[in-house]
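Report on the structure given below.
These figures come from a predicted structure and were not determined experimentally. Protein chains get the first letters and strands the later ones, always in sequence-line order, with residue 1 at the start of each.
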Protein chains: 2
Amino acid sequence: MTKNLTPTIYDVATAAHVSIATVSRVINNLEKVKPETRAAVLEAIDALGFVPKADARARAIRTQRRIGVITPFFTAPSFVQRLRGVAAALGPTPYELVIYTVTNSKHLNSYLDTLPLTGNLDGLIILSLELTDHYVQRLLDYHLETVLVEYPHDLLCSVEIDNEDGGKQAAGYFYKKGLRRFAFVGDTSTAEYGIHPISLRLNGFRKELTRLGAKLPDCQILIAPYDINKTREQAVQFLQNQELPLAIFAATDLQAISIIQAARQLDLKIPEDLAVIGFDDLDMAEYFNLTTIRQHLDESGQIAVEMLLSRLNNPGRPVQISKLPLEIIERGTA
Amino acid sequence: MTKNLTPTIYDVATAAHVSIATVSRVINNLEKVKPETRAAVLEAIDALGFVPKADARARAIRTQRRIGVITPFFTAPSFVQRLRGVAAALGPTPYELVIYTVTNSKHLNSYLDTLPLTGNLDGLIILSLELTDHYVQRLLDYHLETVLVEYPHDLLCSVEIDNEDGGKQAAGYFYKKGLRRFAFVGDTSTAEYGIHPISLRLNGFRKELTRLGAKLPDCQILIAPYDINKTREQAVQFLQNQELPLAIFAATDLQAISIIQAARQLDLKIPEDLAVIGFDDLDMAEYFNLTTIRQHLDESGQIAVEMLLSRLNNPGRPVQISKLPLEIIERGTA
DNA sequence: ATATACTATGTAAGTCCTTTCATAAAAGTA
DNA sequence: TACTTTTATGAAAGGACTTACATAGTATAT
């Protein structure tokens with residue numbers, strides 16, 4: 001006696017002892033149906049709680065308010081914090097948050113292929129992923145309102161930061177503290193196309209040092225992988241050959257932390273022997289008492305949402321770009 | 001040469017010289033389609049301006065392909081790691097991930113009121129939130145398949161851990177290391193109803209100590225708020241009055257980290273003066289070289305998804321419960 | 001070279017609903 | 001009464017998709 005959870009027109013037909021065609025006619029009240037038959041059908045519909053499912057669903061989906069977020073898989077805390085900002089901003093709105101995590105650019109592209117078609121999204125936010133012109137055009141063609149975070153594009157709205165300025169701030173801060181020997185730690189991941197934020201941070205750091213009359217020779221640049229332990233090992237090796245005191249600017253907080261661990265292992269005093277500035281200001285930075293360049297991760301997500309919603313309400317506005325300020329947070333490591 | 005005004009999947013198939021099945025696969029990006037084929041199909045779609053009809057689609061799939069996750073707002077990393085497990089498991093499936101973050105139980109209840117009706121969900125996962133019988137019954141009545149993580153309920157599937165055993169393991173570990181003075185740090189947040197995991201951890205810890213002939217007097221229990229800085233301050237105060245060496249079991253990694261910071265501030269040697277065991281094994285634990293009880297957070301999310309999907313495929317199975325093992329991860333703090 | 005294991009694709013069946021067409025019953029007409 | 005017309009209905013085809021199953025084609029192993 002398994003009750004059908006979602007009755008179809010067939011169930012109604014059976015219950016009312018008529019054919020599905022008749023049921024259909026009753027529902028759409030197109031043609032003449034004998035009053036008694038119609039009554040019987042309606043009764044069956046009521047009894048079964050039937051609602052033309054497919055259409056109902058299609059309608060429901062169409063009216064449902066949905067914002068999609070494409071994000072790199074939650075490996076790095078920075079993505080999570082951005083996402084947190086998105087969730088926070090979306091919370092009080094009637095929009096649903098649909099998450100698409102991607103692990104590589106192929107994966108991203110396959111989402112970009114299909115989401116504008118079948119995604120039923122009102123808007124899209126893309127976190128920390130770079131789009132090719134082709135896909136940007138696709139989003140525009142299909143009128144899927146999109147906001148980019150971190151990797152901007154001329155034709156779409158974006159929330160971005162001035163990576164170069166971040167490097168510059170780090171350099172200036174170190175210099176003002178009287179430090180004169182510098183190093184940089186970054187990761188190996190380079191953009192598949194376009195410009196990588198990490199290189200911009202390095203550029204800004206180096207440029208400002210040069211301007212101040214200091215220098216950053218290539219041998220003082222450590223390129224380490226995205227793995228804490230390996231980075232720490234490499235950092236230990238690197239640090240052993242350095243004259244002290246040294247000032248290191250790490251491209252991310254996570255790498256800064258690896259450096260700190262390496263320094264502890266070598267019994268270097270922080271910040272006396274080794275000054276470290278990170279980049280991001282993750283939640284974790286506070287735990288490590290890390291001096292770092294704050295890039296307002298949570299806010300980036302929030303602002304992206306606000307921008308998107310305002311565009312949905314006022315379509316056709318010119319492309320908007322929001323540049324978030326960077327801010328050096330002085331803690332104990334530099 | 002009137003071009004069909006509303007092209008169908010058949011037109012696309014013809015234009016791209018493939019079958020409608022392949023077109024369908026491309027727009028749903030389910031299975032493997034050769035990149036060139038996919039490109040050709042997409043080109044045809046673009047050229048014809050094809051857009052799949054939602055009602056037909058709904059008719060054919062007659063499932064939502066949507067899994068909802070209700071989670072406390074991403075404040076604590078443990079929720080994020082659970083969510084990460086969910087996302088990882090859902091990634092390769094055709095299911096969409098819809099996130100509902102809640103900040104209090106009223107908020108949770110309002111979701112539970114509406115989601116079974118209008119959520120258009122195939123299944124629901126509830127992370128670290130406790131349900132009243134009333135809402136459990138509601139989920140059952142509306143046949144919304146649900147899996148609970150962390151706070152189980154007799155009538156629903158769940159993924160849980162043995163909190164008491166975690167406390168026991170910590171006690172045993174300390175004792176075996178020869179430690180004989182103990183303390184516990186937990187947070188103030190108590191469950192609104194039912195039993196709180198933190199108290200279970202404490203219970204297990206205390207019971208095992210008692211069994212071993214040691215004790216944990218109430219004055220050795222520090223109840224600290226969910227704030228790193230305040231916890232650190234309180235911990236500093238607490239530690240100043242302690243005889244050393246001391247073994248502290250922290251109910252969460254975050255609190256263990258606060259303890260470590262306090263210890264550093266007081267120049268205590270870890271693990272000689274102060275041994276610390278945390279609970280969770282967050283990503284961060286490794287950075288802090290924290291000895292801790294691993295509760296397989298990511299896995300909990302993954303298993304919840306697997307359980308849910310298997311139930312969707314085999315409805316009416318008896319309620320399933322998965323108990324994840326706890327495991328002590330030995331690092332540098334104890 | 002042959003056997004084996006995948007991959008990519010197509011064929012065809014299935015989904016749930018609408019609509020066309022045929023027909024039995026009822027009603028109207030001569 | 002016999003003959004048309006009307007009306008109510010069902011059988012079945014069609015619509016726009018998805019998907020289980022089968023197979024040709026390629027890769028890999030022996």
Please state how far atom [atom1] in [X] lies from atom [atom2] in [N], giving the value in whole angstrom units.
X	N	atom1	atom2	value
B:R25	D:dA20	CZ	C1'	10 Å
A:E36	D:dA8	CD	P	10 Å
B:K34	C:dG10	NZ	P	10 Å

- Message: Between B:N28 and B:R57, is there a side-chain donor-acceptor contact under 3.5 Å, judged purely by atom types and distance?
- Response: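 Looking only at side-chain atoms, B:N28 and B:R57 do form a donor-acceptor pair, the distance falling under 3.5 Å.
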- Query: Just checking B:V18: base, sugar-phosphate only, or nothing, at a heavy-atom cut-off of under 4.0 Å?
  - Reply: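 Sugar-phosphate only.
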- B:R65 side chain: which of D:dT18, C:dT9, C:dG10 is closest?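 Taking heavy atoms from C-beta onward, the closest nucleotide is D:dT18.
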- Message: I want to check something: taking the side chain as every heavy atom from C-beta on, are B:S310 and B:Q320 in contact at a cut-off of under 4.5 Å?
- Response: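 Yes; the side chains approach each other to less than 4.5 Å.
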- Message: Contact between B:Q81 and A:F74 at the side-chain level, heavy atoms closer than 4.5 Å - yes or no?
- Response: no
- Distance col, row A:D11:CG vs A:I45:CD1, nearest 0.5 angstrom, shows 11.5 Å
- With distance as the sole test, does A:T101 use its side chain to make a donor-acceptor pair with the main-chain N or O of A:I99 at under 3.5 Å?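 Such a contact is absent between A:T101 side chain and A:I99 backbone.
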- Query: Does the A:R311 side chain pair with the main chain of A:P318, one donor and one acceptor, at a distance under 3.5 Å?
  - Reply: yes
Would you tabulate the nitrogen or oxygen pairs shorter than 3.5 Å linking the protein to nucleotides 13-17 of chain D?
| from | atom 1 | to | atom 2 | distance (Å) |
| --- | --- | --- | --- | --- |
| D:dG15 | N2 | B:R59 | NH1 | 3.1 |
| D:dC17 | OP1 | B:K53 | N | 2.7 |
| D:dC17 | OP2 | B:I9 | N | 3.0 |
| D:dC17 | N4 | B:Y10 | OH | 3.4 |

- Query: C:dG10 phosphate, OP1 or OP2: any side-chain N/O from B:T22 under 4.0 angstrom?
  - Reply: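 Answer yes for this pair, as a side-chain N or O of B:T22 is under 4.0 Å from OP1 or OP2.
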